[in-house]
There are 2 protein chains.
Amino acid sequence: MSKQFKLPEDADLARADSLAREIFSDVANKWALLIIEAIGDGTRRFTELRASVDGISHKMLTQNLRLLERNGLVERFVHPTVPPRVDYTLTEPGRELRKTVDAMCAWTTRYLREIETARRSFDA
Amino acid sequence: MSKQFKLPEDADLARADSLAREIFSDVANKWALLIIEAIGDGTRRFTELRASVDGISHKMLTQNLRLLERNGLVERFVHPTVPPRVDYTLTEPGRELRKTVDAMCAWTTRYLREIETARRSFDA
DNA sequence: CAGTATCCCCAATGATACTG
DNA sequence: CAGTATCATTGGGGATACTG
């Protein structure tokens, strides 16, 4: 049985393990990863993200931004102006995670053709 | 607007782009990634995977294995025996993707505590 | 054992309307 | 503009039974 997460020898190892699974579930989803990628190394506003993450709904964006914020991957700056302006940036953990997302995107591009071919042969 | 996927200067760039999004959606989901991680560098049987991927249902396992097979990330060896025996292994693209999954798992472990802290402060 | 098929239902999601 | 709240819908996903 391969363990997905290497954990420190800890008294409550089981708790840490379940926490790891929980975090992984939060993070290993399409929208969260695409949002992280969209924020990138910049500062993005809500509307910018909405436009930049293709196909995401208003609700999904807020929901996932809250999730990312709660896990400390994204920082939220509310400008006390009217109309309101909110800027999102990645935190250090967020930036680190982004590196792996970058790798996943690169992987997708790299194997695009192979995958297309595999699909065609499978569908036949 | 940041583009998630860097694509070759291609006549039908748009098509490639939508394909990339599609593949990313297939791949950037919890179950697919955990299955890839569970297969690892070995040869795993259906039942082994079922036991190894915590919380996955019979249905989700078959479904995601088919998806991964269709995209050419896992290979399926059916032994013509009775009872049947089916072995799953990662293909080269699958092994490459696995590296990024490994990175994500490592990230999870690395930031476990920070995230836990962030959550607590957020929930307050 | 591995896989398909069926039923069924709850939760995830979209659409819409409203507020500071 | 950014966000919350509410409602309606659907399809994701579980449970179960059946087959080669």
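Owing to the predicted nature of the structure, the values given are computational and were not obtained by experimental measurement. Below, chains carry the letters A, B, ... as their sequence lines are ordered, and counting in each starts from 1.
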Novice: How many whole angstroms separate atom NE2 of A:His58 from atom C1' of C:dA12?
Specialist: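 It works out to 17 Å between those atoms.
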Novice: Less than 4.5 Å apart, side chain to side chain, heavy atoms only: is that true for B:Glu96 and B:Lys99?
Specialist: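 Yes, close enough: below the 4.5 Å cut-off.
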Novice: Using side-chain heavy atoms (C-beta onward) and a distance below 4.5 Å, is B:Lys30 in contact with A:Val27?
Specialist: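 No; the side chains remain at least 4.5 Å from each other.
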Novice: Whole Å only: how far is the CG atom of A:Leu65 from the C1' atom of D:dT4?
Specialist: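 Result: 14 Å.
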Novice: Please determine if a side-chain N or O atom of B:Arg66 lies less than 4.0 Å away from the OP1 or OP2 oxygen of C:dG3.
Specialist: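 So the side-chain polar atoms of B:Arg66 do come within 4.0 Å of the phosphate oxygens OP1 or OP2 of C:dG3, strictly under.
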Novice: Measure from NZ on A:Lys30 to P on C:dA12 and round the result to the nearest Å.
Specialist: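 Nearest whole value for this atom pair: 16 Å.
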Novice: Taking the side chain as every heavy atom from C-beta outward, state whether B:Glu37 and B:Val53 have any atom pair closer than 4.5 Å.
Specialist: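 They are not in side-chain contact.
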Novice: Can you tell if the side chain of A:Glu69 reaches within under 4.5 Å of the side chain of B:Phe122, non-hydrogen atoms only?
Specialist: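 A side-chain contact exists here, since the closest heavy-atom pair is under 4.5 Å.
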Novice: Indicate whether any N or O donor in one side chain lies under 3.5 Å from an N or O acceptor in the other, for A:Tyr88 and A:Glu48.
Specialist: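 No, A:Glu48 and A:Tyr88 have no side-chain donor paired with an acceptor closer than 3.5 Å.
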Novice: CG of A:Leu67 versus C1' of D:dT4: gap in Å, rounded?
Specialist: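 From A:Leu67 CG to D:dT4 C1': 17 Å.
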Novice: Could you state the atom-to-atom distance from CG of A:Asn29 to C1' of D:dG13 in whole Å?
Specialist: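 Atom CG in A:Asn29 sits about 16 Å away from atom C1' in D:dG13.
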Novice: Output yes when A:Arg15 and A:Asp17 qualify as a salt bridge under the 4.0 Å nitrogen-oxygen rule, no when they do not.
Specialist: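 Not counted as a salt bridge, because no side-chain N and carboxylate O are separated by less than 4.0 Å.
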Novice: Looking at B:Ser57, I'd like to know whether one of its side-chain N or O atoms comes within less than 4.0 Å of OP1 or OP2 on D:dG14.
Specialist: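 Answer yes for this pair, as a side-chain N or O of B:Ser57 is under 4.0 Å from OP1 or OP2.
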Novice: For A:Val86 and A:Lys59, find the nucleotide of DNA chain D closest to each by heavy atoms; which residue's nucleotide sits nearer the 5' end?
Specialist: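 Nearer the 5' end of the strand: A:Val86.
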Novice: Indicate yes or no: at least one non-hydrogen side-chain atom of A:Leu90 is less than 4.5 angstrom from one of A:Val74.
Specialist: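 The answer is yes, as the side chains (C-beta and beyond) meet within the 4.5 Å cut-off.
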Novice: Are A:Tyr88 and D:dC1 close enough that a side-chain N or O sits under 4.0 Å from OP1 or OP2?
Specialist: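 No.
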Novice: Using heavy atoms to find the nearest nucleotide of DNA chain C for A:Pro83 and A:Ile56 separately, return the residue whose nucleotide is more 5′.
Specialist: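 Result of the comparison: A:Ile56.
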Novice: For the pair made of CZ in B:Arg76 and C1' in C:dG3, what is the distance, rounded to whole Å?
Specialist: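 About 8 Å, once rounded to whole Å.
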Novice: Taking both distances under 3.5 Å as the test for a Watson-Crick or G-U pair, what stems of at least three pairs does DNA chain C have?
Specialist: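 DNA chain C forms these stems: C:1-20 with D:1-20.
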Novice: What does B:Arg50 touch in the nucleic acid at a heavy-atom separation under 4.0 angstrom: a base, only the sugar-phosphate, or nothing?
Specialist: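 B:Arg50: no heavy atom of the nucleic acid under 4.0 Å.
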Novice: Looking at the side chain of B:Thr62, which of D:dG3, C:dG3, C:dG20 is the nearest nucleotide?
Specialist: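 It is C:dG3.
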Novice: Rounded to whole angstrom units, what separation is found between the CE atom of B:Met60 and the C1' atom of C:dA12?
Specialist: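 These atoms are roughly 14 Å apart.
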Novice: CD of A:Gln63 versus P of C:dA12: gap in Å, rounded?
Specialist: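 Distance, rounded to whole Å: 8 Å.
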